[in-house]
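Beneath this line is the structure, given in structure tokens, with notes to follow.
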Amino acid sequence: MNLSEAQRVRALADALRSRLGPPPEIAAILGSGWAAAGRMEPAEALPLSELPGWPVPRVPGHAPVLQVGRLAGRRVAVCGGRVHAYEGRSAAEIVRGVRALAAWGARSLLLLNAAGSLRPELAPGSCMPFTDHINLGLPNPLSAGQSMDGHAHFLDLVDLYDPEWRARLLAARPELRAGVYAGVPGPSYETPAEVGLLRALGVDAVGMSTIPEALAARDAGARVLAVSLLTNYAAGISGSRPSHGEVLRAAVEHGAGAAEVLRAAAGTAP
Ligand code: HPA
């Protein structure tokens, strides 16, 4: 049967409601290496493969499980991984989980990822809340054929990353530095010349995800906060030659700090 995207999302939201009960206040999507940070006890856990139509991540570092439990006193759903454009996924597939979490009733979306740092003072292990983004080629889920109703949505993106939520997080964790994230399609890492261009553009961190989900969450009327765990310096900075192995090793090494930031982000949601 040929389902519309809206029908797929509605079916997923119904499945979430019947398997996991009332919606969480906050839904978090973890990125590379955040799996350990997102572990909650006690929590219900549901394999994503049991949710019909939920695109399941296959990249190492992404756990295909949805947990629901309490974090910092809030009811939170944590999805252990995401799918990416570089896996050959469409924009609608990349954001289907976010749309289903919003349709279930989650009003605040927390998006976490791994990214490369362009600022010497943001050393690997730092967490960077987004002030804004620059989309350099990630697919847009609001284009015709990818949106819920199939039509193009002309969406305002001023204050996409919720200023109030970010301010509350920065007040709770004053050592964090917020910055601008550039999204690239990957999966190859940047050339040193591309990193030089990004620096000239005022970019602070570069990664291969998150922007499509932020757009879909805003389109669904949810608040959005995004935070990068900086796992490496971007190519050419301090002689860096990034690799997925290095990204995952750094994420494990800095997982305890990331877990603290995740808890603070959940606890400061407006
Ligand atoms: N570039 C792009 N994506 C990334 C990086 C990087 O250096 N590190 C982690 N994800």
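For this chain, numbers begin at 1 and follow the sequence in order. Start at 1 and go down the list; that is how both ligands and their atoms are numbered. These numbers come from the heavy atoms of this one structure, side chains and all, not from hydrogens, waters or symmetry mates. Please read these numbers as outputs of a predicted model, since none were measured by experiment.
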Taking the side chain as everything from C-beta on, heavy atoms only, tell me whether R218 gets closer than 4.5 Å to D156. yes
Which protein non-hydrogen atom lies closest to [atom], naming both residue and atom, and how far is it?
{"atom": "atom 7 (O) of ligand 1", "result": "N232 ND2, 2.9 Å"}
{"atom": "atom 3 (N) of ligand 1", "result": "G207 CA, 3.4 Å"}
{"atom": "atom 4 (C) of ligand 1", "result": "V206 O, 3.7 Å"}
{"atom": "atom 5 (C) of ligand 1", "result": "G116 N, 3.4 Å"}

Only residue of N113, L248, V247, V252 satisfying side chain to side chain contact (heavy atoms under 4.5 Å, CB included) with T231 is V247
What are the atoms of ligand 1, with element, lying closer than 4.0 Å to any heavy atom of [X]?
{"X": "T231", "value": "8 (N), 9 (C)"}
{"X": "E190", "value": "1 (N), 2 (C), 6 (C), 7 (O)"}
{"X": "A114", "value": "9 (C), 10 (N)"}
{"X": "V247", "value": "8 (N), 9 (C)"}
{"X": "M208", "value": "2 (C), 3 (N)"}

Would you call the rings of Y181 and F130 parallel, tilted or perpendicular, where under 30° means parallel and over 60° means perpendicular? parallel
Tell me whether E93 contacts the main-chain N or O of S90 through its side chain, where contact means a donor paired with an acceptor under 3.5 Å. yes
Whether the side chain of R119 engages the backbone of L122 through a donor-acceptor N/O pair (distance < 3.5 Å, no angle test) should be reported. no
One residue to check: A115. Relative to ligand 1, which of side chain, backbone, both or neither has a non-hydrogen atom less than 4.0 Å away? backbone
To the nearest 0.5 angstrom, please state how far the OG1 atom of T131 sits from the OH atom of Y161. 9.5 Å
Interatomic spacing from CG in D149 to CG in D219 - rounded to 0.5 Å: 8.5 Å
